Amino acid sequence: MTKRILRIIVITFVSLPLMAQERDDLGRMQTLIERMAYQEALDWADSCRLLGEEALCLKAKAQSELGRLSEAIATYRTIINVAPLNPTVYRLEAELHISMQDYKAATEALRSGYERTSDISTGYSLAKLLVHLGQDSAAMAVTDQILRQDSVAPVIRLRAKSLKTLHRPQKAIELLENQLRRDSTDFLSLIDLASLYAQLGEIRLMEKATARYLKIDSLNTSLLLLHAEAMMLLQEADSALQDYECVIRQGNMPTAFKDLFYCGLAFYKAERWGQAEAFFSRADAAAYEQNYMAKYYYAMCAFRQEQWAEAEKRMANALELIQPKTDRLTEVHTILGRCIAEQGRTENAISHLRYAMEYDRGNSEACLLLGQCFERMGNRSGAIHMYRLVVDKERYSSAQTDAEAFRRLAEARTRLSLIGPEEEEEENL
C-alpha cells in the first residue's frame, strides 16, 4: 500500500512540471496565433511536440489561416479520432469544406458529428446547410429529430422555412404560432410569422401580430417595417407613415426594395413629394431588376412638383418598361403629354396625347389636354370637339364623388364658354 502511494507521489511530482511546461507552450502558441504569426505557431508546435487536442485545434486554425485547408481538415480528422465526442471539431471541419465548396463532405462531417454527439448546434448547422442546398425534406428529418430533444427557437424557424418551401405554409404558421405561445418575446419568429401571413393574404393577422409585439418593444425596426407594410396593404397610409417616421428618427433607414417603395408611397400619399422622391429613388436603385412602379412614382414626384423636364425624362424611362397594349400606356402618355406641353413643345405633346387616346378613348384627362393644345395651335374646332368629349364623359361628376373628374368638367366648360357663344350654347344642351 505504501509503495503504491509513493509511486503516485513520484508520478505526480514528475507530471506537474511537464503539465506546467505544456501549458506554457500552448500559451506561447496561442499568443503567436493571436498575433497572426501562423507559421511561427506551427513551427513552435512541432519543436515542442504539442500533440494534445487543444494543440491540434490551434494547429488546424493556423493551417486554415495560411490557406492550407486540406492540411487543416486532416488535422481536424486526427482530433476526431482522438476525441470523437467534441462537436465543435465537426463544425469547424464542415466550415472548411464549405469554403472549398465541397458541400457533400461538409454534410457528411456534420451528419457524423450530430449522430455521434447528439449536439443540437451541430444538428442545426446540418439542417441549415441542407436548407441552403435546397434539400428541405432532408432538413425536415433533422429538425424533427432536434425538436424531440428540445424546442429550440432557431430550429423551429428553420423548420418553418422548409415547410414554406415545401408549399406547406399553414403548417409553418401553426409551428410559429405555437412557438410564440411558448415565448411571446421571440420577435424573430414573429417576423417569420408575419411574412407568412402576408404570403397567404392574411394582412389583418399580420397587422395584429406585429402591433401586439410593438406594445412590448415600440422601437423594434424590423417589426415597425412589417407593421407599416401591413398598414399600406390595408390602405391605411397615415398609420404606416407614423411607423416609417419612427424608424427614420432612430436613424435606421430602410434598405430593402419593398420597405423603400412602401415608405415612398406613404410619403407620396401624404403629398410630401420631396421625401417620397428620395425613397423612390433609393427603391429604384435597390430593385433586383428594373421596376416600373418605382420609376413611375419617382417620375410622378417630379410631376407633382411641376418639374416638367425632369418628370418627362423619368417618365420616359418608365415608358420603356411597359408592355405593348397595356392599360398603363394611356396614363404614361397622358403624363408625358402634359410635361411636354408645359415646356411649350405642343406638337410633340399632341403626339403623346393621341397615343393616350388610342389606348383609351374615354381618357378625359388626355381629351382636356388635347383641347388645350389645339387651342394653342389655333385649331378651334379640334379644341371644341375635345372639350365636348370631356363634358359628355364627366357631366354627372361632382366635387364630392370625384374631385379630379369635377375639375376636368369645370375646366372644359370654362374653355367652351370662352371659345364662342355658339359652342357655349350647344354645350349647355
Side-chain angles (χ1 to χ4, degrees), residues 124 128 131 143 147 151-165 168-270 272 275-276 278-283 285-288 291 293-294 297:
Y124 175 67
K128 194 174 178 182
V131 168
T143 54
L147 293 175
S151 296
V152 184
V155 177
I156 289 170
R157 290 194 292 272
L158 188 64
R159 185 174 178 82
K161 183 178 181 180
S162 291
L163 286 166
K164 176 184 174 183
T165 303
R168 298 165 64 188
Q170 198 58 53
K171 286 290 184 183
I173 285 174
E174 290 174 13
L175 187 66
L176 293 169
E177 286 177 339
N178 288 336
Q179 165 60 14
L180 286 165
R181 277 190 280 271
R182 282 189 296 268
D183 181 5
S184 61
T185 65
D186 182 4
F187 87 94
L188 292 175
S189 293
L190 179 59
I191 288 172
D192 290 349
L193 178 61
S195 298
L196 280 166
Y197 282 147
Q199 179 187 334
L200 296 181
E202 299 285 359
I203 308 304
R204 186 55 69 184
L205 287 175
M206 176 186 180
E207 187 277 324
K208 286 181 179 178
T210 50
R212 186 167 57 247
Y213 191 94
L214 286 170
K215 290 179 181 178
I216 303 170
D217 184 3
S218 62
L219 299 180
N220 188 302
T221 298
S222 297
L223 289 172
L224 281 167
L225 291 173
L226 276 171
H227 187 261
E229 179 186 343
M231 291 293 95
M232 291 301 295
L233 293 171
L234 292 168
Q235 305 298 316
E236 298 179 27
D238 290 343
S239 296
L241 187 55
Q242 293 176 20
D243 292 334
Y244 287 126
E245 290 188 311
C246 184
V247 171
I248 293 165
R249 279 196 301 273
Q250 296 178 65
N252 299 323
M253 194 66 68
T255 56
F257 168 79
K258 179 175 62 176
D259 295 326
L260 290 165
F261 179 79
Y262 279 135
C263 186
L265 195 58
F267 278 111
Y268 186 87
K269 289 181 179 293
R272 293 163 64 175
Q275 287 156 298
F279 281 101
F280 285 130
S281 175
R282 290 179 180 177
Y288 177 71
N291 185 277
M293 293 304 294
Y297 277 107

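Here the structure is a predicted model, which is why all the values come from computation and not from measurement.
- Counting heavy atoms from C-beta outward, Pro169 and Leu163 have side chains that stay 4.5 Å or more apart.
- The CG atom of Leu175 sits 7.0 Å away from atom CG of Leu147, with the distance rounded to the nearest 0.5 Å.
- The structure places OH of Tyr268 at 15.0 Å from CD of Gln275, a figure rounded to the nearest 0.5 Å.
- Remark: Lys161 pairs with Val131 by the side-chain contact (heavy atoms from CB on, under 4.5 Å) rule, at least two apart or across chains.
- Considering every non-hydrogen atom in both Ile203 and Ala198, the closest pair reads CD1-CA, 4.0 Å.
- For Tyr213, the ring-ring contact (aromatic ring centres under 6.0 Å, His included) criterion is met by no residue, not counting sequence neighbours.
- In this view, Ser218 satisfies the side chain to side chain donor-acceptor pair (under 3.5 Å) rule with no residue, not counting sequence neighbours.
- You'll find the side chain of Leu224 stays beyond 4.5 Å of the side chain of His227, heavy atoms only.
- Every residue two or more places apart in sequence or in another chain was checked for a side chain to side chain donor-acceptor pair (under 3.5 Å) with Lys269, and none qualifies.
- Atoms CG and CD1, on Leu190 and Ile216 in that order, are 9.0 Å from each other to the nearest 0.5 Å.
- Scored by the side-chain contact (heavy atoms from CB on, under 4.5 Å) test, Ala256 finds Asp259 as partners (sequence neighbours excluded).
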I'd like to know whether Gln170 forms a side-chain contact (heavy atoms from CB on, under 4.5 Å) with Ile173, so could you lay out the CA-CA distance, the side-chain angles of the two residues, the decisive distance to 0.1 Å, and finally the verdict.
CA-CA 5 Å; Gln170 198 58 53; Ile173 285 174; 4.1 Å; yes
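- With contacts defined as side-chain heavy-atom distances shorter than 4.5 Å, the pair Leu219/Leu214 does not qualify.
- With sequence neighbours excluded, the residues forming a ring-ring contact (aromatic ring centres under 6.0 Å, His included) with Phe279 are Phe267, listed by chain and number.
- Contacts classified as salt bridge (charged side-chain N to carboxylate O under 4.0 Å, His left out) and involving residues 213-234 (residues at least two apart or in different chains) are given here: Glu229-Lys258.
- Residue pairs that meet the salt bridge (charged side-chain N to carboxylate O under 4.0 Å, His left out) test with at least one member in residues 236-255, sequence neighbours left out, are Arg204-Glu236, Glu245-Arg272.
- Thr221 meets the side chain to side chain donor-acceptor pair (under 3.5 Å) test with Asn252; sequence neighbours excluded.
- Here the CG atom belonging to Leu180 is positioned 6.0 Å from the CG atom belonging to Leu193, to the nearest 0.5 angstrom.
- Summarising the geometry, atom CG belonging to Leu223 is positioned 6.5 Å from atom CZ belonging to Phe187; distances are rounded to the nearest 0.5 Å.
- Scored by the side-chain contact (heavy atoms from CB on, under 4.5 Å) test, Ala240 finds Ala228, Met231, Met232, Tyr244 as partners (sequence neighbours excluded).
- With hydrogens and angles disregarded, a donor-acceptor distance shorter than 3.5 Å links the side chain of Thr210 to the backbone of Met206.
- Interatomic distance, CD1 of Ile191 versus OG of Ser222, reported as 4.0 Å (0.5 Å rounding).
- For residues 175-193, the salt bridge (charged side-chain N to carboxylate O under 4.0 Å, His left out) pairs, not counting sequence neighbours, are Arg157-Asp186.
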Could you go step by step and tell me if Leu260 and Phe280 meet the side-chain contact (heavy atoms from CB on, under 4.5 Å) rule?
CA-CA 7 Å; Leu260 290 165; Phe280 285 130; over 6 Å; no
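- Side-chain contact between Leu225 and Tyr262 is absent, with no heavy atoms from C-beta onward closer than 4.5 Å.
- Between the side chain of Asn178 and the backbone N or O of Glu174 there is at least one donor-acceptor pair closer than 3.5 Å.
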